[in-house]
Amino acid sequence: AQSVAQPEDQVNVAEGNPLTVKCTYSVSGNPYLFWYVQYPNRGLQFLLKYITGDNLVKGSYGFEAEFNKSQTSFHLKKPSALVSDSALYFCAVRDIGGGGFKTIFGAGTRLFVKA
Amino acid sequence: SQTIHQWPATLVQPVGSPLSLECTVEGTSNPNLYWYRQAAGRGLQLLFYSVGIGQISSEVPQNLSASRPQDRQFILSSKKLLLSDSGFYLCAWSAGQTNQPQHFGDGTRLSIL
């Protein structure tokens, strides 16, 4: 069965510092991986995805993610954090079984960026 | 471009009352549609998904039901709300291919009194 884990409930960084939000996954077969961000009282917004190809994926708002097959990880990164990046971040994996219609989300990591 | 509309944004209902939340998608055809519930600003629980008109898959047994009367319309219903039905309900759509992301509405915050 597919699964995804976000080991940190919360990540605190200072504005201007690099940030990393961790994600590990477990899949049978090739993984389809996604990152989403959620601001208060809003729906989730798609940031980036890894399907195949280059292990470093670039997405919206300056975010990028590194796919590491040997470590089964897909960590979200940004070189310089902004206060406006403070939000709830979700890692997700597409459940290929049963037609691939479902997405399994991690529990979420809350990012606080301090000015 | 594609857009997803979800309403109402906020709803307060008494225990035992009925519920109808509506979600519509514009700018795409034959989308996959999803209803999620999010408790306490954390993880998402998939409630229902649909790959076509009249085709509904339920993920968890519960007090809720879903219907898809039109290609781009997805409705979440209940005949009698329970206190435990309180939460933040999110509708989402995705294109048919499995490598495509989901796109979410802005949700309905449902409070049961």
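Naming: A, B, ... by sequence-line order, numbering from 1 per chain.
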- Task: Give, as side chain, backbone, both or neither, the part of Ile51(A) having an atom under 4.5 angstrom from any heavy atom of chain B.
- Result: side chain
- Item | CG (Asn30(A)) with more than 12 external heavy atoms under 6.0 Å | no
- Query: Just wondering, more than 12 heavy atoms not from Tyr61(A) lying within 6.0 Å of its OH?
  - Reply: no
- Query: Side chains of Thr103(A) and Tyr36(B): closer than 4.5 Å at any heavy-atom pair?
  - Reply: yes
Hydrophobic clustering (ILVMFWY, side-chain heavy atoms < 4.5 Å, transitive) - are [Y] and [X] grouped together?
X	Y	answer
Phe88(B)	Tyr34(B)	yes
Phe74(B)	Leu110(B)	yes
Val60(B)	Trp35(B)	yes
Phe112(A)	Val21(A)	no
Leu11(B)	Ile4(B)	yes

- Task: Compare every heavy atom of Gly43(B) with every heavy atom of Phe90(A), then report the nearest pair and how far apart it is.
- Result: CE2-CA, 4.1 Å
- How close do Asp106(B) and Arg42(A) get, heavy atom to heavy atom, and via which atoms? OD1-NE, 3.0 Å
- Query: CZ of Arg42(B) to CZ of Arg110(A): how many Å apart, nearest 0.5 Å?
  - Reply: 5.5 Å
- Message: Heavy-atom pairs under 4.5 Å with chain B: which of Lys49(A), Gln45(A), Gln6(A) has the most?
- Response: Lys49(A)
- Query: Between Thr52(A), Leu33(A), Asp9(A), which residue shows the highest count of heavy-atom pairs closer than 4.5 Å to chain B?
  - Reply: Asp9(A)
- Pick from Thr10(B), Leu44(B), Leu90(B): which one has the most heavy-atom pairs with chain A under 4.5 Å? Leu44(B)
- Would you check, one step at a time, whether the test side chain to side chain contact (heavy atoms under 4.5 Å, CB included) holds for Gln38(B) with Phe105(A)? CA-CA 11 Å; Gln38(B) 185 179 27; Phe105(A) 289 86; over 6 Å; no
- Item | Side chain, backbone, both or neither of Gln100(B) within contact of chain A (heavy atoms, under 4.5 Å) | both
- Item | Backbone of Gln102(B) reached by a side-chain donor or acceptor of Tyr36(A) within 3.5 Å | yes
